[in-house]
2 protein chains.
Amino acid sequence: MKNFFHLNARSGVPMYLQLKEQIKTAVAGGALRPGDQLPSVRELAVALTVNPNTIARAYNELERDGLLIAEQGRGTFVSEKEPLLKEEERHTQIKSLINKVLIESYNLRITAEKLNAIWEERLKAWKERLRNVQKGDGE
Amino acid sequence: MKNFFHLNARSGVPMYLQLKEQIKTAVAGGALRPGDQLPSVRELAVALTVNPNTIARAYNELERDGLLIAEQGRGTFVSEKEPLLKEEERHTQIKSLINKVLIESYNLRITAEKLNAIWEERLKAWKERLRNVQKGDGE
DNA sequence: ATAATTGTATTAATACATTGATACAATTTG
DNA sequence: CAAATTGTATCAATGTATTAATACAATTAT
């Protein structure tokens with residue numbers, strides 16, 4: 001399996017968190033699809049020259065979040081199930097993230113109008129990407 | 001001065017970070033306006049039953065970000081200046097935050113359409129709030 | 001069956017972040 | 001000018017997070 005991932009031991013960000021982010025991005029970007037198998041804990045540990053526990057921790061937390069499924073003896077896969085949280089909870093989570101954007105935007109002196117323009121631009125790019133993913137070219 | 005702030009020592013989130021968030025929210029929400037003086041390091045430390053250094057750290061980091069201005073012997077105030085970062089950098093920062101929203105939204109199985117609906121609702125509420133702040137009723 | 005491969009659990013070493021105690025420095029107030 | 005008030009700096013104590021070493025358990029492959 002091709003290896004999307006790369007860790008920086010001196011970035012300040014814990015390596016297991018770096019990996020989590022990269023997996024989430026790979027799934028959201030279509031590079032990893034539901035059902036896909038991830039590298040084994042040991043294989044990836046060797047490739048990234050890090051302790052297997054570091055990989056396991058990232059996998060574990062993403063399983064807890066419902067994004068991955070780990071099966072002992074078989075491997076770890078991108079989940080094909082619905083997320084664990086109820087729709088309302090998921091909306092609450094997104095609203096909270098959006099609030100952070102609004103507050104940060106205000107403190108950066110970005111007007112609501114400019115912010116909305118940026119939003120529309122990013123969302124459009126995102127939708128375009130989703131279309132391409134559906135056609136099959138993941139990343 | 002009325003005290004907007006409250007800290008939870010056992011929340012897992014460091015208290016100086018809790019305070020930073022609350023100050024940023026208070027500024028963005030209009031409860032604190034440019035030029036307003038914040039409680040002194042000691043005064044707030046007593047009110048929140050925490051070490052003065054904890055308050056000072058939050059103030060310091062927000063000053064480094066350009067949100068506050070501290071003057072020895074005088075006090076700490078909400079900045080009236082423009083932010084330190086260039087416009088392009090500020091836009092980059094917001095785009096990065098928006099990207100996080102998009103990725104998280106995808107992994108939560110929220111459609112782009114639904115996400116946009118939530119965005120428009122939140123933005124509308126935010127604009128409404130900004131209008132009220134301009135009229136003077138901060139918080 | 002046995003070996004190999006996978007994820008899991010336990011424990012420990014280490015570094016770092018957080019908070020506090022205390023003293024210092026600049027400005028304002030009387 | 002002296003006292004009070006403000007932010008700043010330094011140092012130490014402590015807890016916690018991160019990573020690693022190692023052994024265990026389940027499944028698959030031979």
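Both backbone and side-chain heavy atoms feed into the values below; hydrogens, waters and symmetry mates do not. Here is how names work: the chains are called A, B, and so on, in the same order as the sequence lines, proteins then strands, and each is numbered from 1.
- Under the 3.5 Å distance criterion, with hydrogens and angles disregarded, a donor-acceptor pair is assigned to the side chains of B:Asn116 and A:Trp119.
- B:Gln37 places its CD atom 7 Å from the P atom of D:dG7, with the value rounded to the nearest Å.
- Side-chain nitrogen and oxygen atoms of A:Asn60 include none within less than 4.0 Å of the OP1 or OP2 phosphate oxygen of C:dG7.
- Nearest nucleotide to the A:Thr54 side chain, out of C:dA26, D:dT19, D:dA25: D:dT19.
- The shortest distance between the side-chain N/O atoms of B:Ser40 and the OP1/OP2 oxygens of D:dT6 is below 4.0 Å.
- The CZ atom of A:Arg42 sits 14 Å away from the P atom of D:dA25 (whole-angstrom rounding).
- In this structure, the CD1 atom of B:Ile55 is 13 Å from the C1' atom of C:dT18, given to the nearest Å.
- Mapping B:Gly12 and B:Glu71 onto DNA chain D by nearest heavy atom places B:Glu71 at the nucleotide closer to the 5' end.
- Of the candidates D:dT8, C:dT19, D:dT18, C:dT19 carries the atom nearest the B:Pro14 side chain, counting heavy atoms from C-beta on.
- Picking from C:dT8, D:dT19, D:dT8 the nucleotide with the shortest atom distance to the side chain of A:Glu63 gives C:dT8.
- The interatomic distance linking B:Arg57 (CZ) with C:dT19 (P) rounds to 8 Å, in whole Å.
- Distance CG (A:Asn53) to P (D:dA23): 13 Å, rounded to an integer number of Å.
- Clustering ILVMFWY residues whenever any of their side-chain heavy atoms sit less than 4.5 angstrom apart, transitively, puts A:Trp126 in the very cluster that holds B:Ile118.
- Dashed line: the shortest gap from a side-chain N or O of A:Tyr16 to OP1 or OP2 of D:dT18 is under 4.0 Å.
- Under a 4.0 Å N-O distance rule, the pair A:Glu61/A:Arg57 qualifies as a salt bridge.
- In this structure, A:Arg74 does not reach the C:dT6 phosphate: none of its side-chain N or O atoms is under 4.0 Å from OP1 or OP2.
- Nucleotide D:dA20 holds its P atom 13 Å from the CG atom of A:Leu44, rounded to whole Å.
- Between A:Arg109 and B:Glu87, none of the side-chain N atoms (NZ, or NE/NH1/NH2) sits under 4.0 Å from a carboxylate O, so this pair counts as no salt bridge.
- A salt bridge links A:Glu128 and A:Arg131; the closest N-O separation between the charged side-chain nitrogens and carboxylate oxygens is under 4.0 Å.
- Nucleotide C:dA9 holds its P atom 8 Å from the CD atom of A:Gln72, rounded to whole Å.
- Rounded to whole Å, the distance from CD1 on B:Ile69 to C1' on D:dT6 is 16 Å.
- Along DNA chain D, the nucleotide nearest to A:Ala9 and the one nearest to A:Pro52 differ in position, and the one closer to the 5' end is contacted by A:Ala9.
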